[in-house]
Amino acid sequence: MKAEGKITGVIGGGLAGLISSILLAKQGLQVILLERKMYPFHRVCGEYISNEVLDFLKREGLYPEFLDLPQIKFFEFSDTDGKSVKIPLDLGGFGISRFVLDQWLVDQAVRLGVSVRTGCQVISVEFHENSDSFSIGLADHTAVHADFVIGAFGKRSKLDKVLHRPFIQKRSPYIGVKYHVKTDYVRDAVALHNFNGGYCGLNAIEDHQFNLCYLGSRDQLREFGTVEEMERQILWRNPILRKIFKESEFLFEKPEVINEINFEPKLPVENHILMAGDSAGLITPLCGNGMAMAIHSGKLAAEAITTGRSRKEIEKLYEKNWTGEFKQRLWVGRNVQRLFGSGGASVFARNLIERTPFFAKQIIKNTHGKPF
Ligand SMILES: Cc1cc2nc3c(=O)[nH]c(=O)nc-3n(C[C@H](O)[C@H](O)[C@H](O)COP(=O)(O)OP(=O)(O)OC[C@H]3O[C@@H](n4cnc5c(N)ncnc54)[C@H](O)[C@@H]3O)c2cc1C
């Protein structure tokens, strides 16, 4: 095996970074995981994970069996007027907060010998042809040497600018907002409630809590000045959302908010870096599939490094497998998003789900992968 005795530097400790690190460490390889934040922490994410990852997580001993996690079997959809429809999900999923999941995975990574360095921001990555290796520059002016690099630094990082990735030039009209709440809702369904300009998800996670997370509009936030006022003026026009916001107990002091959520296509290999998870492409959140894709692409990156016999072969293998698994899904996700976040389109989508559930299931199927 080409990778034996070599060091892999993994930039970013979200799902893609943690899974690739764990799998490489299981193969006896040396891994340094560089994460700019300190665990545990909250992230803007709907925290519904598709069951396509379930077999894999269980097989690898990475499913947190000790938690009583909600098993999600139904999908509820409401249009901007609050008219809703509910259908069963073929594959379904489960709910778990990233606060808990990422901490659980980082514990497994440390146990398996991954050198996890937190509070460690990467500011540059250079590939040196002469030595056929990388030097990873850190914010504290030190550098880490690595033979392979997995870029798992999420949907948007300062590193994208440093690496001159084209998507970073495009402004995004979206913001993401997340809360944990206690509310009166079933634990076996994931809901997507539309409002003018976006959509809001609701599903159970651990500890009798729920995740309430939406993709909204940067312009609306600017217009109304605060998140709270925007919610009252825009989200509350959907009566279901008004009820949820008025009657739930909010568990965070303030919401988690991010902007610049960009769904532009990206490349899976750049500057000899294997890009995994959102670094290779973010699927629109309505698909509820980004976390499964991050886990799966982390697995593909680790497999490419352990099986490829040369750098060229590793890159080719990863690019081929990544493209086969995800390119089409990302495209479908971008196009389906048009059916969300506006009055007419959301009514059309609700009618479609109600009258032709087969078609709705096909869309879900085309934005999801098979269990692996
Ligand atoms: C509003 C919204 C709702 C969503 N809901 C869902 C859902 O319900 N289900 C689902 O499956 N997916 C959902 N997603 C998508 C999902 O959150 C992502 O696809 C997933 O988190 C990607 O994981 P990742 O490992 O690629 O990136 P991340 O989890 O973002 O991890 C990247 C890590 O890299 C670190 N980092 C960044 N730059 C640097 C640097 N320079 N140096 C060191 N570290 C760095 C970051 O701190 C971060 O920890 C949603 C996304 C949004 C925006």
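One-based numbering, in listed order, for ligands and for the atoms of each. Keep in mind that this is a model prediction, so the values were computed, not measured.
Remark: ligand 1 and Val44 share no N or O pair separated by less than 3.5 Å (distance only, no angle test). Not a single N or O atom of Lys37, backbone or side chain, sits closer than 3.5 Å to an N or O atom of ligand 1. The shortest N or O to N or O distance between Gly290 and ligand 1 is below 3.5 Å. For ligand 1, none of its N or O atoms has an N or O atom of Gly277 under 3.5 Å away. In terms of polar-atom proximity, defined here as any N/O pair under 3.5 Å, Leu159 makes no such contact with ligand 1. Note: no N/O pair closer than 3.5 Å links Tyr214 and ligand 1 by distance alone.
Under the 4.0 angstrom criterion for non-hydrogen atoms, Arg98 is in contact with ligand 1. Close to ligand 1: Cys120, with a non-hydrogen atom less than 4.0 angstrom away. Within the 4.0 Å heavy-atom shell around ligand 1 one does not find Gly201. Using a 4.0 Å cutoff on heavy atoms, Ile49 does not count as a contact of ligand 1. At least one heavy atom of Arg43 sits less than 4.0 Å from an atom of ligand 1. A heavy-atom separation below 4.0 Å is found between Phe41 and ligand 1.
The closest side-chain donor-acceptor pair between Gln337 and Tyr199 falls under 3.5 angstrom.
At least one side-chain heavy atom of Phe94 sits under 4.5 Å from a side-chain heavy atom of Leu57.
Nearest residue to atom 1 (C) of ligand 1 from Gly281, Gly119, Ala280, Cys213 is Cys213 (criterion: closest heavy atom). Remark: among candidates Leu282, Asp278, Leu286, Ile261, the nearest residue to atom 26 (O) of ligand 1 is Asp278, based on non-hydrogen atoms. Nearest residue to atom 8 (O) of ligand 1 from Gly46, Ser297, Gly12 is Gly46 (criterion: closest heavy atom).
At a 4.0 Å heavy-atom cut-off, ligand 1 touches Asn289 through the backbone alone. Contacts between Ala16 and ligand 1, counted as non-hydrogen atom pairs separated by less than 4.0 Å, involve both the backbone and the side chain.
Scanning for side-chain hydrogen bond (donor to acceptor under 3.5 Å, both in side chains) contacts around Asn238 gives Ser78, with sequence neighbours left out.
Nearest protein heavy-atom neighbour of atom 14 (N) of ligand 1: Cys45 SG, 4.0 Å.
In this structure, the ring of Phe134 has its center no less than 6.0 angstrom from the ring center of Phe148. Note: Tyr179 and Phe210 fail the aromatic proximity criterion, with ring centroids not under 6.0 Å apart. Taking the six-membered ring where the residue is Trp, the centroids of Phe99 and Trp104 are separated by 6.0 Å or more.
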ring-ring contact (aromatic ring centres under 6.0 Å, His included) evaluation trace for His42 with Phe252: CA-CA 10 Å; His42 292 290; Phe252 293 170; 4.5 Å; yes
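Using cut-offs of 30° and 60° on the angle between ring planes, the pair Phe245 and Trp236 is tilted.
Listed by first and then second residue, the salt bridge (charged side-chain N to carboxylate O under 4.0 Å, His left out) pairs involving residues 61-82 are Asp79-Arg350 (not counting sequence neighbours).
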